[in-house]
Structures are given as structure tokens and as C-alpha cells.
Amino acid sequence: MTTPPLVPPFVGQPPPPQQQQQTQAARDVNTSLLCRIGQETVQDIVLRTMEIFQLLRNMQLPNGVTYHPNTHQDRLGKLQEHLRMLSVLFRKLRLVYDKCNENCAGMDSIPPEQLIPFVEDDGSKHEDRSGGQSHLTSEERREILEVNKKLKQKNQQLKQVMDQLRNLIWEINSMLAVRS
């Protein structure tokens, strides 16, 4: 194992290969690893937030009833520490988010339809489907709007019938109550 040189290389001299690999590795952080770190950070944020609410729920207001200054100051210190840690976690999450966006900026967005394998994996058939899909989509939208309109009309009619039945039952009950 070689030790890094104590004297930095001259400006015109390229860095040693091992140092070049380390800096390249440091720059190219795996995006999935960043996502995992982000997920863990979000879990830590949720946990800290729950702890903050637990502290706030257990904290008594200093209204003179059972006021213990030391206990109150301890809880206040814990609360401030949790809030400070929460702020640090949010900053960390922001850095992870920015780095993920930076890593994914050069990626071309691929439509999900192309990622799903079809039984007939012929490119021309898939292109035919996607070309006619926009026409079908507008027709389907029109059909859906028509069906929704009819459904609203039927619902309105059913509501009127239910109101009429309710009034009829009310009148029958009223007549039966008058008889007895």
C-alpha cells in the first residue's frame, strides 16, 4: 500500500492515478445510494418529529400548579436539541435531493410504456400502438364524459325517487299515528 505524497504535485503535473480514481469515485456517487440515504433521512425526520410532539404533549405549562423549573428546563433543552437536529436533517435531505437531481439531469425520460415488455416484442407493432393511442385516448375521453353525464342524470332521477318514497313513507306513518 502506498502512502500519499506529503508534498502536493506541481500545478502542471497531473495527479497520480490512484488519487484520480478516488476523486472520480467521490464525484460519481450512486444515485440509488443517495435515494436510500434520503429515505433514511426522511425516516429520521419523522422519528424526530414524533419525539418533538411527544415532548410537547408531556410538557406542562409553567402555570404554577406543578412547576418544577429543573424539569421544565431539561425538557426545553431536549426540545431545542430535537429542533436543531431536525433542522440539520432537513438540510441533509435538501443536499441529497439536489445531488439526485444533478445526477439525473442528463438522463432522458423514457415513457413507462417502453419499459413494460410486451409478448410481441416487435418495435414496429409498438410504434403503431403508440401512434393510434392518442386518437383512442380522445375518443375514450369523450365516451367517459358521456357516461359521467348519463350517470349524473340517473343519480338525479334516483334521488328524486328516493325523496318521493321518503315523503310517501312519512305521510303513511303520519296517518297511522293519527289513527292510534
Side-chain angles (χ1 to χ4, degrees), residues 1-9 11 14-118 130 133-134 137-138 140-141 143-145 147-149 151-156 158-159 162-163 166 170:
M1 185 170 204
T2 62
T3 58
L6 296 176
V7 180
V11 178
Q18 185 181 13
Q19 188 178 3
Q20 222 173 14
Q21 289 173 352
Q22 288 175 350
T23 56
Q24 181 68 22
R27 245 185 289 142
D28 294 336
V29 179
N30 191 356
T31 305
S32 63
L33 179 66
L34 281 175
C35 290
R36 178 180 287 162
I37 291 171
Q39 180 182 6
E40 291 170 358
T41 305
V42 168
Q43 289 171 348
D44 288 345
I45 287 171
V46 169
L47 181 68
R48 291 284 180 173
T49 305
M50 288 172 45
E51 289 174 359
I52 287 172
F53 282 118
Q54 183 72 24
L55 279 171
L56 288 173
R57 188 170 52 117
N58 292 335
M59 212 172 196
Q60 292 179 347
L61 294 176
N63 56 6
V65 177
T66 56
Y67 179 64
H68 300 285
N70 293 338
T71 307
H72 181 72
Q73 289 300 324
D74 288 343
R75 288 182 180 168
L76 189 61
K78 286 181 185 178
L79 182 64
Q80 288 174 344
E81 175 64 25
H82 281 302
L83 288 173
R84 187 190 63 76
M85 195 62 196
L86 195 62
S87 174
V88 168
L89 287 172
F90 271 112
R91 278 190 236 122
K92 178 181 175 183
L93 184 63
R94 184 55 161 172
L95 289 173
V96 168
Y97 174 78
D98 290 340
K99 185 66 176 172
C100 281
N101 277 344
E102 178 183 315
N103 287 349
C104 295
M107 299 177 89
D108 294 330
S109 61
I110 300 171
E113 293 85 20
Q114 289 181 353
L115 296 175
I116 300 171
F118 291 101
S130 64
Q133 208 170 16
S134 62
T137 311
S138 63
E140 287 175 353
R141 286 182 187 156
E143 288 178 14
I144 289 172
L145 288 174
V147 169
N148 282 342
K149 192 175 183 180
L151 185 64
K152 286 180 182 180
Q153 289 173 349
K154 291 293 182 182
N155 283 343
Q156 187 66 29
L158 282 173
K159 184 179 178 205
M162 288 189 314
D163 287 341
R166 189 178 300 116
W170 182 264

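Residue numbers start at 1 and run along the sequence shown.
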Value rounded to 0.5 Å, distance of CG in Leu145 from CD in Glu140: 12.0 Å
Validation row: Arg94, Asp98 side chains within 4.5 angstrom (heavy atoms): yes
When the side chains of residues 48-55 are checked against the rest of the protein, which donor-acceptor pairs come out under 3.5 Å, sequence neighbours left out?
residue, atom, partner, partner atom, Å
Arg48, NH1, His82, ND1, 3.1
Thr49, OG1, Ile45, O, 2.7
Glu51, OE1, His82, ND1, 3.4
Gln54, OE1, Arg57, NH2, 2.7

Flag side-chain contact, heavy atom, 4.5 Å: Asp44 against Met85: no
Salt-bridge contact Lys99-Glu102 (side-chain N to carboxylate O under 4.0 Å): yes
CA sep, side-chain torsions, deciding dist, call: Glu81, Lys78, salt bridge (Lys or Arg N to Asp or Glu O under 4.0 Å): CA-CA 5 Å; Glu81 175 64 25; Lys78 286 181 185 178; over 6 Å; no
Contact check, side chains of Val88 and Arg91, non-hydrogen atoms, under 4.5 Å: yes
Smallest separation among heavy atoms of Cys100 and Leu34, with atom names: SG-CB, 3.5 Å
Sidechain-backbone polar pair: Ser87 side chain, Leu83 backbone, donor-acceptor under 3.5 Å: no
Minimum heavy-atom distance Cys104-Thr31, with the two atoms named: SG-CG2, 3.9 Å
Pairwise distance CD(Gln156) to NZ(Lys152) - rounded to 0.5 angstrom: 11.0 Å
CG on Leu95 to CD1 on Ile37, rounded to 0.5 Å: 11.0 Å
